[in-house]
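First comes the structure, then the notes that go with it.
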Amino acid sequence: MLQILTVCGAGLGSSFACQMSVDAVLKELGVEAKLDHTDISSVGGAKADIILSGKKRYTLDCPTIFLDRLVDKNEIKEKLTPVLKDLGVL
């Protein structure tokens with residue numbers, strides 16, 4: 001199953017709110033995925049197929065989507081859809 005991780009500075013409020021927005025977008029697109037959230041210092045050891053985060057820049061071994069607004073469903077859908085297509089999920 002597709003694994004998606006949302007990331008913020010502390011790994012609590014913002015990343016969880018982003019996770020809920022991502023979940024809503026995935027339901028709209030008809031995509032099933034396992035979602036989780038974490039803090040930026042833990043993301044390096046995390047395993048995920050896709051990571052969504054704020055504007056903090058780092059390099060990981062999976063597609064990483066940087067958001068201007070962590071809970072903006074339109075931005076999430078706009079940036080997530082091409083990645084899902086590239087992975088063959090859509």
Side-chain angles (χ1 to χ4, degrees):
M1 179 176 280
L2 185 68
Q3 303 241 354
I4 298 177
L5 185 64
T6 58
V7 180
C8 73
L12 299 172
S14 297
S15 62
F16 183 64
C18 183
Q19 177 181 327
M20 293 187 331
S21 294
V22 170
D23 187 46
V25 168
L26 291 173
K27 284 181 181 169
E28 180 182 329
L29 295 172
V31 174
E32 289 188 35
K34 181 179 178 201
L35 300 170
D36 202 0
H37 62 279
T38 192
D39 64 281
I40 197 158
S41 62
S42 301
V43 74
K47 292 185 180 182
D49 297 303
I50 302 171
I51 293 176
L52 290 97
S53 180
K55 289 200 144 217
K56 305 218 187 314
R57 305 287 183 205
Y58 41 85
T59 303
L60 299 168
D61 292 337
C62 70
T64 305
I65 299 168
F66 295 102
L67 302 168
D68 295 316
R69 297 164 307 277
L70 284 174
V71 295
D72 183 333
K73 292 176 189 163
N74 291 326
E75 181 184 7
I76 291 168
K77 184 176 181 180
E78 176 184 312
K79 292 181 175 180
L80 183 58
T81 298
V83 175
L84 293 172
K85 286 180 179 178
D86 285 347
L87 294 175
V89 178
L90 278 179

* To do: Verify, without hydrogens or angle tests, whether Lys79 (side chain) and Leu67 (backbone) share a donor-acceptor contact under 3.5 angstrom.
  => no
* **Evaluation steps, side-chain contact (heavy atoms from CB on, under 4.5 Å), between Met1 and Glu32** => CA-CA 7 Å; Met1 179 176 280; Glu32 289 188 35; 3.8 Å; yes
About how many Å separate [atom2] of [Y] and [atom1] of [X], when rounded to the nearest 0.5 Å?
X: Asp23; Y: Ile4; atom1: CG; atom2: CD1; result: 9.0 Å
X: Lys34; Y: Asp49; atom1: NZ; atom2: CG; result: 11.0 Å
X: Ile50; Y: Thr64; atom1: CD1; atom2: OG1; result: 9.5 Å
X: Thr81; Y: Glu28; atom1: OG1; atom2: CD; result: 8.5 Å
X: Asp39; Y: Cys8; atom1: CG; atom2: SG; result: 7.5 Å
X: Leu90; Y: Leu80; atom1: CG; atom2: CG; result: 8.0 Å

* **Non-hydrogen side-chain atoms of Pro63 and Ile51 separated by less than 4.5 Å** => no
* **Close side-chain approach of Lys77 to Val22, heavy-atom, < 4.5 Å** => no
* With sequence neighbours left out, write down each residue that passes side chain to side chain contact (heavy atoms under 4.5 Å, CB included) with Glu78, or none if nothing qualifies. => none
* Asked: With sequence neighbours left out, what residues match Asp72 under side chain to side chain contact (heavy atoms under 4.5 Å, CB included)?
  -> Arg69, Asn74, Glu75
* **Lys73, NZ: over 12 other non-hydrogen atoms inside 6.0 angstrom** => no
* Apply side-chain contact (heavy atoms from CB on, under 4.5 Å) to Leu26 and Leu84, showing your working. => CA-CA 10 Å; Leu26 291 173; Leu84 293 172; 4.1 Å; yes
* **Residue from Leu70, Val71, Leu5, Thr6 passing side-chain contact (heavy atoms from CB on, under 4.5 Å) with Gln19** => Thr6
